[in-house]
Amino acid sequence: MRAFFDRRQLAHAPLKELHNGGFTDFAEKPVRAEAIERAVAGIEAPGDHGDAAIRAVHDSGYLDFLRTGPARWAAAGRPGDVIGYIWPIVGRRPLPLDRIDALAGRYSLDASTPLTADTWDAAYWSVQSALSALDAVLAGDRAAFALCRPPGHHAGADYLGGYCYLNAAAIVAQAARDAGLARVAILDIDYHHGNGTQDIFWERGDVFYASVHADPATDYPFYWGHADETGDGAGKGATLNLPLPQGAGLDGFRAAQSAALDAIARFDPALLVVSFGADTWAGDPISHFSLATPDYAVLGRDIAARGWPTVIAMEGGYAVEALGANVTSLLGGFA
């Protein structure tokens with residue numbers, strides 16, 4: 001299986017995040033990607049596809065904020081990384097709002113996702129890795145892997161959050177549609193629900209989104225991912241959420257993934273995008289499932305058995321010591 005990663009993705013390195021009421025060391029560290037890079041053989045540098053596919057999914061004002069926000073933050077005399085601290089909780093006042101503090105709240109979901117001077121470049125190349133994986137699959141490969149870092153599935157069309165800035169899985173799905181594929185499915189198997197991906201395709205019937213994740217009654221992102229969320233308008237029925245309780249192991253996770261794959265089979269996609277998070281591992285420091293490393297091979301085999309051309313995009317996973325083994329277990333099982 002071909003794999004793609006650009007070392008410019010390592011430059012994004014915030015120092016602190018707000019977590020559980022206090023500032024702690026940033027969990028989505030560059031060493032995550034380095035651990036996977038060491039474990040996955042033959043990783044290739046991606047090509048540069050420009051930003052057209054990014055602009056097809058993300059709001060132009062939001063993209064301008066990602067590019068220019070750090071410089072504007074510094075010019076306003078704010079120290080450190082850009083972190084929102086006031087949010088329009090009832091409704092968003094229409095732009096223009098020019099003060100950087102207001103924009104930081106307008107375009108963010110949480111205070112755990114700082115924006116640095118290097119974030120845009122890292123997120124841009126994360127997307128290029130995903131688009132290069134899509135190129136490989138559209139050219140005839142059965143599957144390809146994108147080492148996406150920063151991850152993407154919490155980023156909406158016009159907001160960052162959950163360590164995510166550009167939604168690579170959504171960008172790949174839209175790029176595949178723009179390449180002429182009639183239907184695309186996304187299977188999200190990260191510990192946390194991919195709220196950004198769900199939002200982007202909420203009213204779309206041409207992209208099916210299925211997610212297996214921790215129950216949002218107990219876990220981030222809380223406001224998305226409940227079982228009664230099924231889409232709206234043309235997208236009614238094209239969203240499937242399968243929340244699981246904390247402590248879930250292989251049996252429960254595999255059964256939920258099987259239900260998601262059955263629903264995807266009924267949708268009959270021309271391409272599957274897998275948002276894969278290894279934060280479902282039993283030793284993950286910020287998550288609470290109990291999968292073991294060999295379990296990922298089982299899940300990978302189950303996905304591969306369905307036969308769809310597949311792009312696998314990396315999402316979460318914060319136990320650096322086990323991350324390479326967990327990723328190669330899933331990829332090996334798929335292969």
Side-chain angles (χ1 to χ4, degrees), residues 143 145 153-154 169 183-195 197-198 201 207-222 224-231 236-269 271-284 286-319 322-323 325-335:
F145 172 64
H153 72 154
H154 293 303
R183 291 177 303 281
V184 177
I186 300 171
L187 172 66
D188 195 324
I189 50 171
D190 185 278
Y191 179 80
H192 304 95
H193 177 258
N195 56 284
T197 313
Q198 175 173 294
F201 297 112
V207 177
F208 189 92
Y209 176 70
S211 179
V212 181
H213 53 271
D215 190 338
T218 60
D219 283 89
Y220 184 99
F222 304 113
W224 294 266
H226 299 266
D228 62 354
E229 298 167 19
T230 61
K236 188 67 176 177
T239 293
L240 174 65
N241 286 303
L242 297 163
L244 296 174
Q246 291 185 356
L250 177 62
D251 289 346
F253 197 98
R254 189 183 188 192
Q257 179 179 276
S258 179
L261 292 171
D262 287 346
I264 290 169
R266 292 190 291 271
F267 181 73
D268 190 24
L271 176 77
L272 177 68
V273 181
V274 177
S275 278
F276 168 56
D279 48 359
T280 51
W281 185 64
D284 192 89
I286 65 172
S287 305
H288 308 284
F289 283 170
S290 58
L291 295 185
T293 298
D295 296 342
Y296 294 107
V298 176
L299 299 176
R301 284 196 296 271
D302 287 351
I303 298 168
R306 302 297 180 129
W308 300 301
T310 302
V311 172
I312 301 171
M314 194 68 210
E315 300 287 358
Y318 307 97
L323 196 49
N326 290 337
V327 171
T328 56
S329 179
L330 182 111
L331 298 181
F334 190 100

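- Aromatic ring centres of Y191 and F289 lie closer together than 6.0 Å.
- Contact detail for I186 and A169: the closest heavy-atom pair is CD1-O, 4.2 Å.
- Closest approach of V212 to A260, counting heavy atoms only: CG2-CB, 4.5 Å.
- D284 CG to D279 CG: the interatomic distance, rounded to the nearest 0.5 Å, is 5.0 Å.
- Listed here is the closest heavy atom pair of A259 and L240: O-CD2, 4.3 Å.
- Counting heavy atoms from C-beta outward, F208 and P269 have side chains that stay 4.5 Å or more apart.
- Between V327 and F145 there is a side-chain heavy-atom pair separated by less than 4.5 Å.
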With side-chain contact (heavy atoms from CB on, under 4.5 Å) as the criterion, how do L330 and F276 come out once you've worked through the C-alpha distance, each side chain's angles and the decisive distance to 0.1 Å? CA-CA 9 Å; L330 182 111; F276 168 56; 3.9 Å; yes
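- Shown here for L271 and P309, the closest heavy-atom pair between the two residues is CD1-O, 3.4 Å.
- Among pairs with a residue in residues 244-259, those fulfilling salt bridge (charged side-chain N to carboxylate O under 4.0 Å, His left out) read R254-D302, at least two apart in sequence or across chains.
- Between E229 and T239, the shortest heavy-atom distance links the atoms O-CG2, 3.5 Å.
- With values rounded to the nearest 0.5 angstrom, D219 atom CG is found 7.5 Å from S287 atom OG.
- There is no side-chain donor-acceptor pair under 3.5 Å between Y296 and T328.
- R183 has its side chain within reach of F267: a pair of non-hydrogen atoms, C-beta onward, lies under 4.5 Å apart.
- Side chain of T310 to backbone of W308: a donor-acceptor contact under 3.5 angstrom is found.
- A distance of 7.5 Å separates OG1 of T197 from CG of N195, quoted to the nearest 0.5 Å.
- Two residues are said to be in side-chain contact when any heavy atoms from C-beta on lie closer than 4.5 Å; L291 and L299 meet this criterion.
- G225 and H213 make their closest contact through O-NE2, 2.7 Å (heavy atoms, listed as atom of the first residue, atom of the second, distance).
- With contacts defined as side-chain heavy-atom distances shorter than 4.5 Å, the pair L187/V273 does not qualify.
- With values rounded to the nearest 0.5 angstrom, D215 atom CG is found 12.5 Å from H288 atom NE2.
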Under the side chain to side chain donor-acceptor pair (under 3.5 Å) rule, what do H193 and N241 come out as? Steps first, then yes or no, please. CA-CA 8 Å; H193 177 258; N241 286 303; 2.9 Å; yes
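- A heavy-atom distance below 4.5 Å is found between the side chains of I303 and L272.
- With rounding to the nearest 0.5 angstrom, the OG atom of S290 is 9.0 Å from the CG atom of L250.
- Looking only at atom types and distance, the side chain of E315 has a donor-acceptor partner in the side chain of S275 under 3.5 Å away.
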Between W281 and L323, does the side-chain contact (heavy atoms from CB on, under 4.5 Å) criterion hold? Intermediate values first, please. CA-CA 9 Å; W281 185 64; L323 196 49; over 6 Å; no
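- Side-chain contact between M314 and D190 is absent, with no heavy atoms from C-beta onward closer than 4.5 Å.
- A donor-acceptor pair under 3.5 Å is formed between the side chain of D295 and the backbone N or O of A292.
- A distance-only check finds no donor-acceptor pair linking the side chain of Q198 to the backbone of G194 [under 3.5 Å].
- In this structure, the separation between CD1 on I286 and NE2 on H192 is 5.0 Å, given to the nearest 0.5 Å.
- L242 has its side chain out of reach of L244: every pair of non-hydrogen atoms, C-beta onward, lies at least 4.5 Å apart.
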